[in-house]
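What follows is a short report on a single structure.
In the text below, chain A, chain B and the rest are named by the order of the sequence lines, each starting its count at 1.
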Protein chains: 2
Amino acid sequence: MAKSATASEAKTATKTGGKTSRTRLDDETAQQQILSAADRLFYERGVQAVGMDAIRDAAGVSLKRLYQLFPSKEHLIEAYLRHRDALWQSMLDEHVDARTDPRERILAVFDFLRDWSSQPDYRGCAFIRTFNELRAASPHIAEMATHHKDGFRAELVELAREAGADAPEQLADQLILLSEGAITRCAMAGSSAPATRAREAAAAILDATLN
Amino acid sequence: MAKSATASEAKTATKTGGKTSRTRLDDETAQQQILSAADRLFYERGVQAVGMDAIRDAAGVSLKRLYQLFPSKEHLIEAYLRHRDALWQSMLDEHVDARTDPRERILAVFDFLRDWSSQPDYRGCAFIRTFNELRAASPHIAEMATHHKDGFRAELVELAREAGADAPEQLADQLILLSEGAITRCAMAGSSAPATRAREAAAAILDATLN
DNA sequence: GTCTTTGGAGAACGTTCGTTCTCCGACGTC
DNA sequence: GACGTCGGAGAACGAACGTTCTCCAAAGAC
């Protein structure tokens with residue numbers, strides 16, 4: 001990671017000749033631009049529908065450089081999912097940690113889903129979609145998706161435990177169903193209303209479950 | 001549909017020459033075999049990952065005949081979704097109509113999901129998956145998927161109304177979240193347990209909602 | 001200045017896919 | 001048997017894709 005930080009630096013645009021040669025970026029910046037472009041395109045259209053050429057164009061780098069930093073499309077998809085996982089974690093934590101009351105912290109999950117699904121470029125869960133696209137072709141990537149869902153479930157179990165649920169795992173499983181349902185239906189309906197319905201249903205379940 | 005029933009009939013296998021020429025099928029049989037093969041492959045791997053050649057091989061017809069009966073892959077995908085819609089309707093109705101008590105009829109939806117997701121070739125909802133794969137490329141097919149979901153919602157609203165719910169649409173929206181969540185999580189987890197959890201959560205919601 | 005290295009731009013390669021075309025054997029009719 | 005028709009098998013075609021290679025301008029070292 002901290003390799004070859006000596007020589008290569010960013011250059012300014014060189015338009016000495018007739019053509020406009022593109023700016024030379026350091027590895028970190030190029031990686032970020034590629035990942036940002038891949039994230040946007042993969043998430044909008046699905047991983048199979050986006051070619052490496054489209055990512056090169058959107059990132060503004062050469063194919064050569066793209067393959068230097070990400071040796072194959074599969075590597076890029078993995079980086080995309082890791083990035084989405086970090087994004088999900090930070091957005092979720094931001095909402096949950098804004099609350100202190102255990103019951104409110106659970107409901108904050110659904111506030112997060114409402115906010116997230118309100119974004120105009122919202123397209124549902126990247127992990128479910130990539131899982132469905134690649135489960136037959138790439139077991140490794142499919143496993144990354146299930147691992148993400150395992151993490152989400154563990155977080156819900158912990159929140160349920162903090163709320164003093166008698167059966168935190170069972171409560172978490174019910175909440176996860178509402179979450180997944182909301183994520184999917186918000187994407188298909190193009191509306192965040194299902195997330196609001198999910199919050200109401202979750203509140204009803206909490207009322208019935210917590211003492 | 002009842003066209004050209006006069007001349008063409010099925011032939012027996014002709015192995016007069018050195019090669020074994022394939023049996024000539026009438027249009028209806030060929031269409032069924034193609035649709036059956038397409039359904040199996042599309043549902044298992046996703047529509048983008050399955051080529052027309054694979055469907056030809058699995059259906060045992062020639063490409064020429066395939067394109068005579070289904071002029072393009074998009075036509076075949078449409079037929080696939082229509083077939084899945086009919087399958088869903090018949091499986092769902094079978095479970096719901098086996099009950100008479102309105103509350104039981106609602107819970108029968110989740111019994112259906114449990115049975116369906118127990119099948120070894122279960123891969124979740126064909127409509128959601130196809131929607132996610134093709135929403136950017138084919139708005140028409142995406143609309144078929146949303147139309148299917150609208151129909152499911154209407155059925156749940158009717159069941160909620162029959163059960164005497166004060167707000168049948170709101171109850172249906174909550175039940176749909178549990179259903180979609182169960183459909184998705186059963187597919188990712190490779191287990192029908194989420195459907196059972198969804199039934200329990202639905203029962204809790206019904207207890208809290210119905211008087 | 002000259003030489004070497006670097007990397008951008010994009011052509012090229014091999015494969016796959018959706019779709020169409022060609023070849024030729026088998027059958028119906030006379 | 002001769003001829004026309006039908007359709008199966010699979011080659012062919014053009015586009016798109018993932019990946020690699022070629023060419024050449026620009027920068028650095030001396």
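Ring to ring, His75(B) and Phe70(B) are not that close: their centroids are 6.0 angstrom or more apart. Ring pair Trp116(B)/Phe110(B): centre-to-centre distance not below 6.0 Å. For Trp88(A) and Phe152(A), the gap between ring centers is short of 6.0 Å.
Taking atom CG on Leu63(A) and atom P on dC23(D), their separation rounds to 18 Å, with Å as the unit. Residue His75(A) contributes atom NE2, which lies 15 Å from atom P of dG18(D) at whole-angstrom precision. Atom CZ in Arg65(A) sits roughly 8 Å away from atom C1' in dG7(C) (whole-Å rounding). Between Tyr67(A) atom OH and dG10(C) atom P there is a gap of 17 Å when expressed in whole angstrom units. Rounded to an integer number of Å, the gap from Leu69(B) CG to dG7(D) P is 11 Å. Between Ile77(B) atom CD1 and dG18(C) atom C1' the separation is 11 Å, expressed in whole Å. The interatomic distance linking Asp57(A) (CG) with dC17(D) (P) rounds to 11 Å, in whole Å. dA12(C) atom P lies 17 Å from atom NZ of Lys64(A), rounded to whole Å.
Within residues 32-56 of chain A, the residues having any heavy atom under 4.0 Å from DNA chain D are, by residue number, Val50(A), Gly51(A), Met52(A).
Residue Lys73(A) has a polar side-chain atom (N or O) positioned under 4.0 Å from OP1 or OP2 of dG18(D).
Glu169(A) has a carboxylate O that lies under 4.0 Å from a charged side-chain N of Arg153(A), or vice versa, which qualifies the two as a salt bridge. In summary, Arg105(B) and Asp97(B) engage in a salt bridge, as defined by a charged side-chain N under 4.0 Å from a carboxylate O.
His95(B) and Asp111(B) form no side-chain donor-acceptor contact under 3.5 Å, judged by distance and modelled atom types alone.
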